[in-house]
Amino acid sequence: MHRWTDPAQTPESLRPCVATFGNFDGVHRGHRAVLGRLVEEGARHGLPSVAVTFDPHPAALFHREKGLPLITPDTLRDELLADTGLDGLLVLEFTHEFADQTPEDYVVRTFVEALQAKVLVVGEDTRGFGKGYTGDVDLLRELGERHGFEVVVVNDVGDEGLHRWSSSAVREHLAAGRVGAAASILGRPHQVVGTVVHGAHRGRDLGYPTANLDQDALGLVPADGVYAGWLTRLDLPAEHADRTLPSAISVGTNPTFDGTARTVEAYVLDRTDLDLYDERVAIDFVEHIRPTLRFDSVEELLTAMAGDIEQCRQVLKTVVPS
């Protein structure tokens, strides 16, 4: 997938094209329904498929005080988009000047002039783009007739009897620690990616050495608690036996030891021989085990940890090595 940021530098090989646009935070199943249709339309027309997205997220510009947490910031989003089979990703800088464009100016400059889009694929909930948040599907259809591009509208999708799949629903689930519910919308376990750094080494002293992620790790960190999941060593080849390992994951401040910094740390089940420092790893959250608790003694903590690990084994269907 070719990624670029200046519409004027769109490669000739990527235009004309079929296109779509959106924030795509989380690249969840709803997004992938639109992106899958985009790729299908590209194949049907013999044209490359291109997605247009924004950096930063518009909420970061207009609602900075709310501090919208991104599910898949930066490269995480782009890598997930690449996995959908896109040919190109145009990342537009979202500024006040950009936001002041009328919906028509945005569509004409981006999709008619820069991309020469012949087909524009959008979800039926597409609305609120351009100055005054007035752009919607009806306007896209009108502009398509005027400027010679087809508009393909993909119906909203979601679980039967529930609301449509959305990024806001994923954020709500993660904020409550409901990583399983988040995964049902994402179509995969939620993931946080970072570099393993030195921590307080309490885990090693207790017999459960943990991989602590740096504070700049990418991905929305779910609610404090203990989770079952997987640690993937991204620097190892896919076929390596120790690439993806079952883990018990702790999120929180270590209240038993009066900690203050919120951390993400993973104990690889029944492994004390791993040296993961400075490695880039991905943590996949599979199931919530329990909330973070403060224990009155180290002995109580160790008893709880042993129970947590056994629950993680059951969730991940692993066995204790002989």
Side-chain angles (χ1 to χ4, degrees), residues 76 80 83 170 173-174 176-214 217-252 254 256 263-293 295 298-322:
L76 291 189
L80 288 167
D83 288 342
V170 174
H173 287 314
L174 293 177
R178 298 188 295 265
V179 294
S184 71
I185 299 174
L186 292 170
R188 64 185 187 279
H190 175 60
Q191 189 174 88
V192 174
V193 175
T195 301
V196 178
V197 297
H198 288 275
H201 298 285
R202 292 194 190 97
R204 184 169 296 279
D205 292 341
L206 295 172
Y208 299 103
T210 59
N212 293 260
L213 295 196
D214 65 295
L218 295 176
L220 177 56
V221 177
D224 288 3
V226 177
Y227 299 85
W230 301 91
L231 179 146
T232 299
R233 304 170 69 183
L234 299 175
D235 297 329
L236 294 183
E239 66 276 9
H240 197 289
D242 277 349
R243 178 176 165 87
T244 299
L245 302 164
S247 301
I249 305 155
S250 174
V251 176
N254 293 307
T256 300
T263 60
V264 177
E265 51 187 312
Y267 163 64
V268 175
L269 301 187
D270 308 304
R271 295 289 295 270
T272 59
D273 59 323
L274 299 172
D275 182 359
L276 303 177
Y277 294 119
D278 298 323
E279 283 195 34
R280 186 167 174 264
V281 301
I283 302 293
D284 286 357
F285 293 84
V286 174
E287 186 171 308
H288 182 261
I289 301 299
R290 65 166 173 84
T292 297
L293 301 172
F295 296 95
V298 172
E299 289 72 21
E300 287 185 13
L301 171 61
L302 287 170
T303 298
M305 290 173 68
D308 297 338
I309 290 166
E310 183 55 37
Q311 286 192 63
C312 289
R313 286 198 193 101
Q314 295 300 317
V315 169
L316 303 171
K317 300 295 188 281
T318 62
V319 296
V320 181
S322 56

_Side chain Thr272, main chain Gly207, donor-acceptor under 3.5 Å_ = no

*Would you please name every residue forming a side-chain hydrogen bond (donor to acceptor under 3.5 Å, both in side chains) with Asp235, sequence neighbours left out?*
none

*Using the test side-chain hydrogen bond (donor to acceptor under 3.5 Å, both in side chains), find all partners of Arg280 that sit at least two apart in sequence or belong to another chain.*
none

*Tell me, please, which residues at least two apart from Gln311 pass side chain to side chain contact (heavy atoms under 4.5 Å, CB included).*
Ile289

*Name all pairs fulfilling the side chain to side chain donor-acceptor pair (under 3.5 Å) condition that reach into residues 181-190, sequence neighbours left out, sorted by first residue then second.*
none

_My understanding is that only residues two or more places apart in sequence, or in another chain, count here; which of them pass side chain to side chain contact (heavy atoms under 4.5 Å, CB included) with Thr318?_
Pro246, Leu269, Arg313, Leu316

*List in chain and number order the residues that pass salt bridge (Lys or Arg N to Asp or Glu O under 4.0 Å) with Asp284, two or more places apart in sequence or in another chain; answer none if no residue qualifies.*
none

_My understanding is that only residues two or more places apart in sequence, or in another chain, count here; which of them pass side chain to side chain contact (heavy atoms under 4.5 Å, CB included) with Ala182?_
Val170, His173, Leu174

*Under the salt bridge (Lys or Arg N to Asp or Glu O under 4.0 Å) test, which residues partner Asp83, sequence neighbours left out?*
none

*Just jot down the salt bridge (Lys or Arg N to Asp or Glu O under 4.0 Å) partners of Arg178, sequence neighbours excluded, or say none.*
none

*asked:* Taking side chain to side chain contact (heavy atoms under 4.5 Å, CB included) as the definition, give me every residue that meets it alongside Leu274, ordered by chain and number, with sequence neighbours left out.
replied: Arg233, Asp242, Leu245, Val268, Arg271, Leu276

*Atom pair OG1/CG of Thr263 and Asn212 - distance to nearest 0.5 Å*: 6.0 Å

*Any pair with a residue in residues 217-231 that passes side chain to side chain donor-acceptor pair (under 3.5 Å), sequence neighbours left out, goes on the list, sorted by first then second residue, please.*
Asp224-Arg262

_List the residues meeting salt bridge (Lys or Arg N to Asp or Glu O under 4.0 Å) with Asp275, not counting sequence neighbours, and say none if there are none._
none

